[in-house]
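Taking it in order: structure first as structure tokens, then the write-up.
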Protein chains: 2
Amino acid sequence: MTTVDIAEKLRDQGIRLTPQRLAIAEVVINSADHPTVRDIYSRVRDFFPYLTVATVYSTLSVLERAGLVAQLPFQKESRYDSNNTLHVNLVCTKCESIVDCDAGDNYLEKIKDRIQDSGLFQNKYQRFDIYGLCENCLKLS
Amino acid sequence: MTTVDIAEKLRDQGIRLTPQRLAIAEVVINSADHPTVRDIYSRVRDFFPYLTVATVYSTLSVLERAGLVAQLPFQKESRYDSNNTLHVNLVCTKCESIVDCDAGDNYLEKIKDRIQDSGLFQNKYQRFDIYGLCENCLKLS
DNA sequence: TTTCATGCAAAAGTTTTGCAACCCC
DNA sequence: GGGGTTGCAAAACTTTTGCATGAAA
């Protein structure tokens, strides 16, 4: 996604536009590796040497409330996902890589629909992780 | 599950049996509310006043490695799940309750099978959370 | 007897908070 | 100009670690 598109998205959501925010949003949205806060901090810091982690945390919570990114808490630290479609995260327990994966046949939609239709719960968003070994770690073992 | 059954399970897994471990395992396995470490600590402490949180953490990691419980990291703190079947966690964003739910039609099994069959990933275990409003919070709103 | 768990204390690491200066709208 | 954001520092909290004592096998 281009810088201009991201700026427009932020404005659409009523988020005040600052250079730091734009840079942070750009890094998270254009990273497919589900970066940690330290990853994001480190990548954005190349452009804003005075940036602090507090600003990164603050911005990420703004982006999350706007629905642009999702926080994925893990045991050690959170990862961030900018894919807001219904998908599965394939989490490698060895190298800690995370890859998005389509579940196929609209299975996830069907599960959510059924729960919604029961009237016992009102769905907002979801997280589906499958833990195991990624292709690369499989080869190495 | 009875104390005797739990003791047997621990022994089967080669876990050294201590009164503290048995009590912690019993609390987690017989709690359907997905307790936090502090919840577990507080419940077991009634019986073992000298118990420390370090022991609770240590025991939980042993139980997790044995596959008896699953850790669910959240933003604030982890919750513990003793349901090792393929299910969905309905997580209320208002009252923070977590209720297990069957997905129906073996959808989860089908999704996992497809990923496994692709040969690109080797499944171990999974976590599927749906966030939203629980029945009770829906009524109150 | 040997090995491992417990309790206690301290450390580590992530995330949050408070506040003054500054920038966006 | 007004209100929200940044940067800096410190605090809060969960989780981990080290080590001596004590209990399980």
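Residue numbers begin at 1 in each chain, while the letters A, B, ... track the order of the sequences. Not measured: the values here are computed from a predicted model.
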Is it the case that atom CZ in A/Phe47 sees more than 12 heavy atoms from other parts of the structure closer than 6.0 Å?
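Result for CZ/A/Phe47: open.
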Heavy-atom neighbours of A/Phe48 CZ exceed 12 at 6.0 Å:
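Yes - once you tally the heavy atoms of other residues, nucleotides and ligands closer than 6.0 Å, there are more than 12.
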[X] [atom1] - [N] [atom2] separation (whole Å):
{"X": "A/Tyr41", "N": "C/dG13", "atom1": "OH", "atom2": "C1'", "answer": "15 Å"}
{"X": "A/Arg79", "N": "C/dT15", "atom1": "CZ", "atom2": "C1'", "answer": "17 Å"}
{"X": "B/Leu22", "N": "C/dA5", "atom1": "CG", "atom2": "C1'", "answer": "14 Å"}
{"X": "B/Leu10", "N": "C/dC4", "atom1": "CG", "atom2": "C1'", "answer": "15 Å"}
{"X": "A/Phe48", "N": "C/dC22", "atom1": "CZ", "atom2": "P", "answer": "18 Å"}
{"X": "B/Leu51", "N": "C/dT6", "atom1": "CG", "atom2": "C1'", "answer": "9 Å"}

For C/dA5, take OP1 and OP2 only and decide whether either is under 4.0 Å from a side-chain N or O of B/Thr52.
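So the side chain of B/Thr52 is outside the cut-off, no N or O lying under 4.0 Å from OP1 or OP2 of C/dA5.
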At less than 4.0 Å, is any side-chain N or O atom of A/Gln20 found next to OP1 or OP2 of C/dC23? Yes or no.
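Negative; the distance criterion is not met.
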Against B/His34, only a single residue in B/Asn83, B/Asp39, B/Asp100 fulfils side-chain hydrogen bond (donor to acceptor under 3.5 Å, both in side chains); can you say which?
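The side-chain hydrogen bond (donor to acceptor under 3.5 Å, both in side chains) with B/His34 is passed solely by B/Asp100 among B/Asn83, B/Asp39, B/Asp100.
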Looking at B/Val37, B/Ile29, B/Leu72, which one forms a side chain to side chain contact (heavy atoms under 4.5 Å, CB included) with B/Tyr80?
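Testing B/Tyr80 for a side chain to side chain contact (heavy atoms under 4.5 Å, CB included) against B/Val37, B/Ile29, B/Leu72 leaves exactly one candidate, B/Val37.
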Under the criterion side chain to side chain contact (heavy atoms under 4.5 Å, CB included), which of A/Arg21, A/Gln13, A/Arg16 is the partner of A/Val62?
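The side chain to side chain contact (heavy atoms under 4.5 Å, CB included) with A/Val62 is passed solely by A/Arg21 among A/Arg21, A/Gln13, A/Arg16.
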Listed nucleotide nearest any side-chain atom of B/Tyr50, set C/dG7, D/dT6, C/dT6
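That would be C/dG7.
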Residues A/Ser42 and A/Arg38: side-chain donor-acceptor under 3.5 angstrom
no
Rounded to the nearest 0.5 Å, what separates atom CZ in B/Phe128 from atom CG in B/Leu108?
6.5 Å
Calculate, to the nearest 0.5 Å, the distance between atoms OG and CD belonging to B/Ser141 and A/Gln122 respectively.
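If we round to the nearest 0.5 Å, B/Ser141:OG and A/Gln122:CD are 7.0 Å apart.
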In short, the helix from C/dT1-D/dA25 to C/dC25-D/dG1 is bent end to end, axes from five pairs each side, to 10°, by 50°
Nucleotide-resolved protein contact map, nucleotides 13-25 of chain D, B/S/- at heavy-atom distance under 4.0 Å:
-SBBB------BS
Write out all pairs satisfying side-chain hydrogen bond (donor to acceptor under 3.5 Å, both in side chains) with one or both partners inside residues 124-136 of chain A, taking only residues at least two apart or from two chains.
A/Asn89-A/Asp129, A/Lys112-A/Gln126, A/Lys124-B/Thr93, A/Arg127-A/Asp129, A/Asp129-A/Tyr131
